[in-house]
Amino acid sequence: AEREFPQVSSVKCLSPGYRQSPSPHSEMVIMFCKFKTFSIKGIAPEDSPSGVLESYRMDLEELYIEALGQSSRLVRKLLLKFGGYECKEPELGKFTLAFSKITEAIAFAVTLQARLLLVEWNPALLEVPAHKDVFVQGENGQKLYSGLRCSIGAAWGKPTQRKPLVSTGRADYFGPLPNLAARVLGSASPGQVLFDSTHLRRLLSLSKNELH
């Protein structure tokens with residue numbers, strides 16, 4: 001039998017709980033964020049000796065653990081600022097998020113990409129070819145990428161169901177909406193933000209004031 005407990009009273013809620021999650025009865029946004037990492041095979045030279053490869057693999061894993069921790073903290077900090085809800089992090093660096101308002105979802109996604117350029121990444125990570133600083137029109141231009149890159153895919157609509165996760169008690173959503181968001185994420189390149197085009201006209205009709 002399903003049981004419902006009263007809300008826990010506390011001085012300050014550190015992060016929204018199930019009761020504060022977006023309602024599935026209203027339009028909302030499901031968003032997936034995935035930080036791109038690489039295997040040792042995709043980075044190290046093919047002719048590297050096995051001993052060098054193993055050492056490089058261990059160093060790379062430590063760099064990724066540190067960098068993904070930095071990324072996760074940034075995601076959660078910005079979620080609180082933009083009214084987002086963390087459904088789950090099924091694996092390190094991959095988030096399922098929910099927003100009640102599409103304007104807040106857009107602001108979160110754009111701000112996250114911009115703030116990733118300001119993270120103080122480990123200098124060793126920036127020496128990895130896939131994570132080096134990339135500038136527009138040379139090093140004197142605007143910085144385009146730095147460190148870990150994040151793919152973001154989102155969809156706007158109504159889920160068919162909301163249920164608490166058994167492992168955490170946090171809200172998770174089901175139906176065509178999260179499935180669509182997952183497909184949009186699959187089309188997003190690292191460093192890119194994509195929304196589904198179903199409500200493109202409504203998105204384009206939003207004023208700048210609504211987006212800020």
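All values below were derived from every heavy atom in this structure, side-chain atoms included, with hydrogens, water molecules and symmetry-related copies excluded.
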Reported [atom1]-to-[atom2] distance for the pair [X] and [Y], which is rounded to 0.5 angstrom:
| X | Y | atom1 | atom2 | result |
| --- | --- | --- | --- | --- |
| Met31 | Leu194 | CE | CG | 11.0 Å |
| Arg170 | Thr96 | CZ | OG1 | 11.5 Å |
| Lys36 | Tyr145 | NZ | OH | 13.0 Å |
| Glu27 | Ser100 | CD | OG | 12.0 Å |

Given the rule that I, L, V, M, F, W and Y join up when any side-chain heavy atoms are under 4.5 Å apart, are [X] and [Y] in one cluster?
| X | Y | answer |
| --- | --- | --- |
| Ile65 | Leu68 | no |
| Tyr85 | Val75 | no |
| Leu125 | Leu117 | no |
| Phe108 | Phe35 | yes |
| Met28 | Leu78 | no |

* Closest non-hydrogen atom pair, Val193 against Ala109 -> CG1-CB, 3.7 Å
* Between Asp196 and Ala155, what is the shortest heavy-atom contact and its length? ->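 Answer, listing the atom of Asp196 first, then Ala155: OD1-CA, 3.1 Å.
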Is the backbone N or O of [Y] less than 3.5 Å from a side-chain atom of [X], with the two atoms forming a donor-acceptor pair by type?
| X | Y | result |
| --- | --- | --- |
| Gln113 | Val110 | no |
| Trp121 | Ala67 | no |
| Asp133 | Lys143 | no |

* **Residue among Glu66, His131, Glu62 satisfying side-chain contact (heavy atoms from CB on, under 4.5 Å) with Asn122** =>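 So, applying the side-chain contact (heavy atoms from CB on, under 4.5 Å) to Asn122 and each of Glu66, His131, Glu62, only Glu66 qualifies.
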Do the side chains of [Y] and [X] get nearer than 4.5 Å, heavy atoms only?
| X | Y | result |
| --- | --- | --- |
| Gln192 | Arg149 | no |
| Phe82 | Leu97 | no |
| Leu116 | Ser146 | no |

* To do: Output, in order, the C-alpha distance, side-chain angles, deciding distance and verdict of side-chain contact (heavy atoms from CB on, under 4.5 Å) for Ile102 and Phe195.
  => CA-CA 10 Å; Ile102 190 170; Phe195 272 77; 4.1 Å; yes
* Asked: If you draw a 6.0 Å radius around CD in Glu120, do more than 12 non-hydrogen atoms from other residues or ligands fall strictly inside?
  ->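 Atom CD in Glu120 is not crowded, with 12 or fewer foreign heavy atoms closer than 6.0 Å.
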* Does a donor on one side chain and an acceptor on the other come within less than 3.5 Å for Arg162 and Ser21? -> yes
* Could you walk me through whether Phe95 and Phe32 pass ring pair (Phe, Tyr, Trp, His ring centres under 6.0 Å), step by step? => CA-CA 6 Å; Phe95 290 89; Phe32 290 97; over 10 Å; no
Please table the atom pairs, donor to acceptor, closer than 3.5 Å between any side-chain atom in residues 171-191 and protein atoms at least two apart or in another chain.
residue : atom : partner : partner atom : Å
Asp172  : OD2  : Lys88   : NZ           : 3.1
Tyr173  : OH   : Pro22   : O            : 2.6
Asn179  : ND2  : Gly175  : O            : 3.2

* For the pair Glu86 and Arg76, evaluate side-chain contact (heavy atoms from CB on, under 4.5 Å) and give the outcome as yes or no after the intermediate values. => CA-CA 8 Å; Glu86 179 184 346; Arg76 293 186 173 108; 2.8 Å; yes
* Asked: Are Glu89 and Lys94 close enough for a salt bridge, meaning some N to O gap below 4.0 Å?
  -> no
